[in-house]
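Okay, so here's the structure we're looking at.
As the structure is a computational prediction, the values presented were derived from the model and not from experiment. Chain A is the first sequence line, chain B the second, and so forth, proteins listed ahead of strands; every chain is numbered from 1.
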2 protein chains.
Amino acid sequence: MKIKPEFCKVHDALSILVGKWKPIILLYLMSEGTMRYGELKKALVGITPKMLTNQLRELEEEGLISREVYREVPPKVEYSITEYGMTLKPILDSMHEWSMEHKKRKLKNTMD
Amino acid sequence: MKIKPEFCKVHDALSILVGKWKPIILLYLMSEGTMRYGELKKALVGITPKMLTNQLRELEEEGLISREVYREVPPKVEYSITEYGMTLKPILDSMHEWSMEHKKRKLKNTMD
DNA sequence: TCCAATAGTATCCTTTTAGATACTATATAT
DNA sequence: ATATATAGTATCTAAAAGGATACTATTGGA
């Protein structure tokens with residue numbers, strides 16, 4: 001059996017999740033529900049406005065988060081996780097879980 | 001609460017899985033158990049030898065696959081999934097599952 | 001003696017992703 | 001009239017990931 005990456009479903013799922021700040025943004029919104037642009041910017045230490053906007057747009061594009069603009073001055077924009085985005089939670093949780101074990105394992109190996 | 005990507009466990013897990021061909025290689029070895037370099041090369045349509053070697057080395061580095069060299073000519077090298085690598089299977093399976101639903105969803109949305 | 005088969009390396013180039021930094025629009029409060 | 005707060009854009013640069021292509025070592029068999 002032959003295959004190309006484009007036809008690999010796991011590859012697809014990963015490509016939606018990948019981006020230096022995407023998992024963190026999702027996790028934040030999953031636990032907070034809603035956050036303003038500026039709040040996210042403060043929480044994500046080191047992110048540039050360009051990257052923040054970019055990652056948010058890509059997540060929105062996939063329907064994982066939603067963007068609500070309040071027509072005020074100064075501007076107010078709120079981002080929240082969608083119901084659909086929440087369907088990713090079990091996957092993120094199990095990755096978190098797995099990663100903790102992986103770290104332990106690596107530590108043990110370097111001690112031998 | 002503030003956070004950097006390096007301290008995000010999900011980010012860590014992803015960085016192990018990411019690479020254009022890594023998920024496919026893992027899935028192959030999970031289902032086949034063992035494959036030779038050349039078999040993988042044939043299966044992974046379009047991969048260059050450099051990339052194949054690179055992805056295999058990185059997966060080996062993490063302990064997810066193992067490499068066995070037979071001292072023969074012409075050379076024979078077999079790659080297999082490790083027991084440890086198999087612990088990723090539930091995660092890959094759920095990503096596969098999720099991705100199929102995601103595709104359906106996208107399709108439905110473009111039809112509206 | 002020369003070729004075939006296998007599992008790679010080596011080198012150079014292109015594309016993608018991310019970082020740094022400066023700038024913008026606008027109603028409100030002073 | 002000016003400064004302020006917020007949510008971004010714009011532009012340029014650096015680093016990482018991936019692709020194309022040619023090359024190598026080895027030895028048993030014709």
Original post:
Does a side-chain N-to-carboxylate-O contact under 4.0 Å join B/E101 and B/K104?
Top reply: yes
Relative to A/Y84, does B/R105 satisfy both conditions: NZ or CZ under 6.0 angstrom from the six-membered ring centre, and within 45 degrees of the ring's axis?
-> yes
The nucleotide from C/dT26, D/dG19, C/dG8 with an atom nearest the side chain of B/K20 is D/dG19
From CG of B/L14 across to P of C/dT17 the rounded distance in Å is 15 Å
Item checked: Touch class at under 4.0 angstrom, heavy-atom based, for B/G19 against every strand present -> sugar-phosphate
Determine whether more than 12 heavy atoms belonging to other residues, nucleotides or ligands lie under 6.0 Å from atom CD of A/E83. no
In whole angstroms, the gap separating C1' of D/dA17 from CD1 of B/I16 amounts to 18 Å
Base, sugar-phosphate or nothing for B/K50? Non-hydrogen atoms, less than 4.0 Å. base
Rounded to whole Å, the NZ-C1' distance (A/K41 to D/dA7) equals 10 Å
Separation of D/dA5 atom P from A/R71 atom CZ, nearest Å, is 22 Å
From CG of A/N54 across to C1' of C/dG19 the rounded distance in Å is 12 Å
| message | Considering every strand and a 4.0 Å limit on heavy-atom distances, what is the contact class for B/Y70: base, sugar-phosphate, or nothing? | response | nothing
A/R67 near the nucleic acid: base, sugar-phosphate alone, or nothing, with a heavy-atom cut-off under 4.0 Å?
sugar-phosphate
To the nearest angstrom, the CG-P distance between B/L44 and D/dG19 comes to 12 Å
The complete set of ring-ring contact (aromatic ring centres under 6.0 Å, His included) pairs with one or both residues in residues 16-63 of chain A, sequence neighbours excluded, reads none
Are A/W21 and C/dT17 close enough that a side-chain N or O sits under 4.0 Å from OP1 or OP2?
-> no
Of D/dG18, D/dG8, D/dT6, the nucleotide closest to the side chain of A/P74 is D/dT6
Side-chain atoms of A/P49 come closest, of D/dA7, C/dA18, D/dT9, to D/dT9
Rounded to whole Å, the CE-C1' distance (A/M51 to C/dT21) equals 16 Å
task: Establish, with yes or no, whether the OP1 or OP2 oxygen of D/dA5 is under 4.0 angstrom from a side-chain nitrogen or oxygen of A/R36.
output: no
(message) Looking at D/dT9, I'd like to know if its phosphate oxygens (OP1 or OP2) sit under 4.0 Å from a side-chain N or O belonging to A/Y37.
(response) no
Atom CD of B/E72 and atom P of D/dT27 are separated, to the nearest Å, by 12 Å
Salt bridge check, B/E68 against B/K76: does any charged N sit closer than 4.0 Å to a carboxylate O? no
